[in-house]
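Within every chain, numbering begins at 1; the chains are lettered A, B, ... in the order of the sequence lines, protein sequences first and strands thereafter.
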Amino acid sequence: MDITVFVQNFLNGLSIGTVYAIFALGYTIVFSILGIINFSHGAIFTLGAYFTYFLIGGLNNGSGILANAGLPFGLPFVLAILVGSLMAGFCGVLIERLAFKPLRTRGADPLLALVSSLGVALVIVNLVQYLIGAEILSFPSNVFGEFVNQNPSINFNFVDPSRPIPIRTVQIIIFAVSLVILVLLAYLINRTKFGKALRAVAENPITASLLGVSVDRYIFLTFLLSGFLGGLAGTLVGTSFSISGPYFGVTYGLKGLAVIVLGGLGDIPGAVLGGLVIGLAEAFVPGDFSAYKEAVAFALLFIILLVRPQGLLGRRLIQKV
Amino acid sequence: MFESFFNQYGFLMVYMVLQATLALSLYLPLTAGQLSLASPGFFALGGYIAAVMSTTVWATNGMFPIPYLLLEMLLGGLASGLLAVVVGVPALRLRGIYLALATIAFVEILRVVSLNLTITGGAVGIFGIPQPFNSSLEYMWVALPLLIACVIFTARLEKSRIGRAFVAIREDELAADAMGVNPTYHKVLAFVIGAMIAGMVGAITAHFLNTWNARQGTFDASINILAFVLIGGSRMTLGPVVGGMLLTALPEILRPVGDVRLIVNGFLLTLGAVLLPQGLISPRVFKRKKVDV
Amino acid sequence: MKPVTRKIAIAFGILAATTFVVAEKVATPIAIGVSVAQTSNTALLGREQVIGAQIAESFFNSRGGVNGTPFKLFFEDTGGDEAGAINAFQTQINKNNVVAIVGPTLSQQAFAADKIADRAKVPVLGPSNTAKGIPQIGDFIARVSSPVSIVAPNSVRAALKINPEIKKVAVFYAQNDAFSTSETGTFQETAKAQGLEITTVQRFQTTDSDFTSQVSAGLATKPELVIVSGLAADGGNLIKQLRLAGYKGLIIGGNGLNTANMFPVCQQYCDGVLIAQAYSPTAAGSLNAAFRTVYKNTYKKEPPQFTAQAFAAVQVIVEALRRVDKAAKVSGAELADVRVALNDAILAGTYNTPLGTISFDKEGEVNQKLFYVAQIKMNPDNKTGSFVYLK
Amino acid sequence: MTATDFSNIETSSHTTSSILSVKNATRRFGGLIAVNEVSFEVTPGEIFGLIGPNGAGKTTMFNLLSGLTPPSSGAISFEGRCLIGLPPYKIAELGVARTFQNIRLFGNLSALENVKIAQHTHTKAGVLSGVFGAGRAREEEPRVLAKATELLKLVGLDDLAGEQAKNFSYGDQRRLEIARALALEPKLLLLDEPAAGMNPTEKQGLSDFIRMVRDKFSLTIVLIEHHVPLVMGLCDRIAVLNFGQLIALGNPAVVAGDPAVIEAYLGGD
């Protein structure tokens with residue numbers, strides 16, 4: 001492969017891969033604590049993008065019942081993205097209280113969480129459609145500031161000066177933001193009391209509660225963090241590509257599942273690795289096979305599961321006899 | 001009044017029956033403890049077989065002969081069963097949610113492949129599929145017997161030696177293994193029978209919808225069918241049947257609600273899961289009567 | 001025979017014996033059905049159609065309806081799938097007792113649902129079904145949406161007029177969209193017929209947003225013309241990413257991109273894109289002017305093609321109804337008779353719609369006189385723009 | 001004296017008449033060696049005890065015998081047939097049945113169903129035969145029911161045949177597990193702590209019961225047990241494991257006097 005094309009594909013893969021990773025982390029921490037898959041995580045992704053869009057003062061150009069509505073104020077983008085993601089986080093908590101907690105207290109089959117969160121996802125998507133509309137919403141091109149607006153792509157010359165590699169500036173920003181988030185998250189989980197407790201709860205909720213960790217409080221915080229990450233990923237993708245409507249998060253929701261299972265369910269480094277692997281694999285699909293790009297994540301998932309049934313970094317389940 | 005009801009809801013009633021049968025295809029592997037979401041893949045395959053056969057090999061101008069429809073169901077079932085063996089033997093080593101995701105991967109791969117083949121008609125799919133009946137309702141002649149046959153088959157299987165082996169694996173795979181039950185064989189068997197049902201339902205549905213395309217076998221369908229089984233009840237044959245019928249009818253029942261009907265639909269789904277953790281139909285409902293007496 | 005089986009058999013026997021006994025009458029106001037995708041991920045298109053139909057409803061009712069009798073539109077959501085379309089059609093036919101149906105949104109849905117209406121002898125007018133074979137579903141099926149094979153080639157010729165040096169073409173299309181896959185076939189045939197070399201065919205999905213791999217692979221073949229068949233969100237993103245990756249040549253957008261919804265997606269990068277149109281907001285004609293004004297007053301932008309087509313579909317039914325009504329009063333007549341007469345009237349007429357003058361052949365295929373090629377001109381705000389009609 | 005020396009003695013004296021032969025069986029879990037070079041033989045008709053402090057590797061040994069865990073090295077043969085590499089259900093088919101230390105009944109199923117399932121290897125009915133109640137199933141089902149009922153009666157649970165296993169008392173669950181294992185019609189029965197959770201009366205009854213079962217079904221029995229008096233009174237021979245190694249093997253009197261055994265029990269637990 002031509003080195004220029006290779007470098008370009010590699011950078012593209014990293015950029016989308018880190019977003020996959022952030023999104024998938026939201027899935028995986030919930031799984032690590034409760035052993036359930038939250039199907040509404042894709043809808044949270046959508047919500048995060050919508051929240052941020054309206055918080056920066058964006059108007060609804062959709063045809064829902066809130067057509068042409070908007071907030072009377074506009075926050076600076078950095079603040080809006082934080083508040084918007086946090087609001088997504090609280091939606092995650094709300095979902096936990098309404099759809100998961102009742103199941104947990106009844107000791108229901110964990111599979112039911114799939115159905116109850118599916119219902120929630122259906123509500124969110126159709127509520128957005130009803131209130132906002134099915135139309136596409138776009139962030140203004142100067143949302144990352146004037147520099148990005150004036151220089152929408154940057155040419156890199158580090159391989160062959162005669163053939164510069166154009167990379168979208170937004171992609172570079174997203175990559176940088178994602179890296180910062182991942183580092184912060186690594187710190188949070190490995191170094192803080194919250195992180196240690198989180199891991200303890202993930203390891204064994206019963207022991208953790210005996211050790212004095214308030215399991216309920218950590219479940220609350222986990223869903224807050226999960227929703228925050230989902231909403232953040234949604235906003236990042238939204239600024240890069242525009243919000244394509246209420247079904248914006250659905251494809252990411254599905255692909256995120258592939259990411260976490262590929263990496264190993266409930267495994268935090270695994271989600272990052274899975275995101276990067278799938279991002280890169282998609283970027284390196286040869287042009288002639290672009291038809292199959294959509295299937296790459298799943299083909300990879302299928303093959304890797306056959307070789308390593310517990311995913312790349314997952315621990316093998318040892319059944320105690 | 002009477003026949004206008006059947007004119008309006010004839011399609012829906014047959015569709016409910018077909019979807020209920022499809023729910024059994026997911027229920028069967030679940031009786032052996034295997035959460036497989038592969039049903040829509042086999043459903044799509046069966047449909048494609050019927051669509052291709054009836055528009056090319058057996059193309060007719062008038063009514064499509066019913067024996068050919070039955071033959072297509074047989075072919076769809078067999079092809080799905082065969083594919084299920086190929087996919088099931090490696091995939092069923094996976095457990096729980098890993099298996100679920102691997103089967104979703106299978107459905108997605110099949111979908112993308114069918115988008116890219118000429119024989120499946122790409123994104124447009126296959127249309128103008130010959131009709132064996134004059135109205136939607138008449139499909140009941142095939143759909144209902146298939147459902148009844150599948151219900152009886154499944155219910156009786158559960159009471160038989162093979163069914164006991166399935167349930168033993170669901171309860172405790174390791175103990176079942178130690179009691180002389182070959183887990184792999186029985187898991188694949190349950191998966192294959194489920195796939196065959198899905199393939200047969202697909203073959204009928206292709207004629208019933210008059211068209212077939214890649215959107216028939218998707219992740220969304222996987223999750224819907226799972227909801228059929230869990231809301232209906234995953235411990236008795238009747239559960240998925242009731243769940244499949246009810247959830248298929250729900251968006252239509254809610255039609256008078258207007259614009260917010262899918263919001264209500266989603267809300268009811270969550271409510272159903274939360275309030276009926278055992279599903280609508282559970283063995284406990286039946287047992288309780290016995291204990292009281 | 002077990003008792004249960006016998007009961008079922010008896011029920012079927014009764015059913016078979018009692019089809020079509022009661023005759024419904026046409027109500028006042030006259031019921032016309034509109035069944036498009038108001039939910040699901042196809043709703044973006046369906047919403048545009050609902051708006052077009054609603055504008056037509058108030059527009060024509062305020063102009064006397066059907067010779068003085070008002071008509072009423074019944075909206076039944078099809079969702080995005082085939083079964084939903086059939087259920088919606090069944091409700092229109094048997095519960096709302098409509099004289100005709102406008103819908104569904106997708107060609108795949110039409111293949112399923114139109115058959116049902118045809119059997120019930122209810123005329124269907126497809127507002128946006130462009131796939132091959134739609135009018136051939138049955139005698140009662142027609143469409144106002146021109147098949148892609150007619151719309152697409154104009155734009156290739158227009159591109160060559162702008163830049164006769166073009167030799168190499170890269171083609172991109174949304175492979176999960178029925179319209180786009182048919183359209184790209186036509187584009188590719190046209191390009192070959194014009195002596196152009198197709199250097200690459202890249203596929204994507206309408207649900208994608210990241211096209212960097214397709215763009216990289218496509219631009220590696222050094223094309224001088226790029227042809228994109230897709231829908232607003234994906235097509236817009238693709239065009240933006242093509243430009244940001246340094247592509248400077250001409251871009252042709254398929255008919256799916258003929259919507260102002262694309263502008264906020266590709267923003268300033270939409271500028272200069274050639275679009276094959278079945279509807280141009282700037283087209284001449286007093287009716288189009290009136291339609292455009294109503295739309296712009298409410299939605300502050302140019303009406304999209306889907307809206308115009310839905311408007312035209314309702315218009316065709318209303319005008320045909322007027323002719324049927326002149327022969328014999330429609331309101332209160334036998335519903336079944338009106339449906340048959342209406343179908344004949346639809347196919348017989350010529351209609352001066354916002355799409356231009358249209359008529360139908362005896363199969364129900366639309367004959368549209370005018371097609372347009374427009375070039376996108378973006379406004380300085382980068383969120384709005386216009387389609388500038390190319391002569 | 002080392003474990004290896006024991007095995008040498010054993011192999012030379014029991015080669016021809018043994019039903020079960022374990023040679024240098026070893027199982028590692030990561031760095032931990034759960035079973036280390038253990039060798040012993042069991043003669044037909046024998047009641048063979050396997051004892052040792054907690055964590056000595058007894059249950060791991062059972063898992064090696066029943067195929068649930070493959071040995072890292074070593075050889076295990078049953079009636080002269082090598083068991084290495086065979087999946088558990090194959091070993092069960094050959095005639096090795098077991099119970100579990102942490103009872104693994106099919107909790108949601110009735111006692112009757114639990115026992116029926118274990119007759120799987122002795123029935124052949126396929127899918128169609130089972131569904132139509134014809135062919136093999138027609139002949140097998142009454143036989144399966146009769147046998148299950150008989151076994152439940154044997155363990156005194158026939159009154160509770162229709163009850164869900166998870167609702168049983170601890171002792172009843174142990175009995176049901178034995179009935180289920182017997183339904184396999186085994187030649188070798190592995191009992192993992194059958195007396196755990198039983199009261200003294202029940203324990204006394206258990207000894208008689210195990211002997212009765214052995215005689216009635218001509219079984220060979222290997223059992224793990226903590227309750228020393230029970231083992232001493234019941235077993236023909238005893239093997240003692242400590243930290244995965246075989247430290248003593250012989251008849252109860254000999255083993256009880258072995259200094260290594262006394263050391264293991266006093267020093268260990």
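- The interface of residues 8-23 of chain B with chain C, defined by heavy-atom distances below 4.5 Å, comprises Q8(B), F11(B), L12(B), Y15(B).
- Residue pairs satisfying the salt bridge (Lys or Arg N to Asp or Glu O under 4.0 Å) criterion with at least one member in residues 82-103 of chain C, sequence neighbours excluded, are listed as follows: R215(B)-E82(C).
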Please step through side-chain hydrogen bond (donor to acceptor under 3.5 Å, both in side chains) for the pair N7(B) and Q90(C), ending with a clear verdict.
CA-CA 7 Å; N7(B) 279 337; Q90(C) 296 280 26; over 6 Å; no
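- The backbone N or O of A123(B) lies less than 3.5 Å from a partner atom in the side chain of Q108(C), making a donor-acceptor pair.
- Listed options G79(C), A113(C), A88(C) were ranked by heavy-atom pairs under 4.5 angstrom with chain B; first place goes to A88(C).
- Around atom OH of Y68(B), no more than 12 heavy atoms belonging to other residues, nucleotides or ligands sit under 6.0 Å away.
- Looking at heavy atoms from C-beta onward, R203(C) lies out of side-chain contact with L115(B) at the 4.5 angstrom threshold.
- More than 12 heavy-atom neighbours from other residues, nucleotides or ligands sit within 6.0 angstrom of CZ on F74(C).
- With a threshold of 4.5 angstrom between heavy atoms, D220(B) does not approach chain C through any atom at all.
- In this structure, the side chains of V124(B) and F111(C) come closer than 4.5 Å at one or more pairs of heavy atoms.
- Not a single donor-acceptor pair under 3.5 Å links the side chain of N210(B) to the backbone N or O of K115(C).
- Below 4.5 Å, heavy atoms of chain C meet heavy atoms from E252(B), R255(B), D259(B), R261(B), L262(B), all part of residues 249-265 of chain B.
- Only the side chain of Q205(C) comes within contact range of chain B, with at least one heavy atom under 4.5 Å from a heavy atom of that chain.
- When T91(C), D177(C), I116(C) are compared by the number of non-hydrogen pairs under 4.5 Å with chain B, T91(C) comes out ahead.
- Interface with chain B: from residues 122-129 of chain C, no residue qualifies, criterion being any non-hydrogen pair under 4.5 Å.
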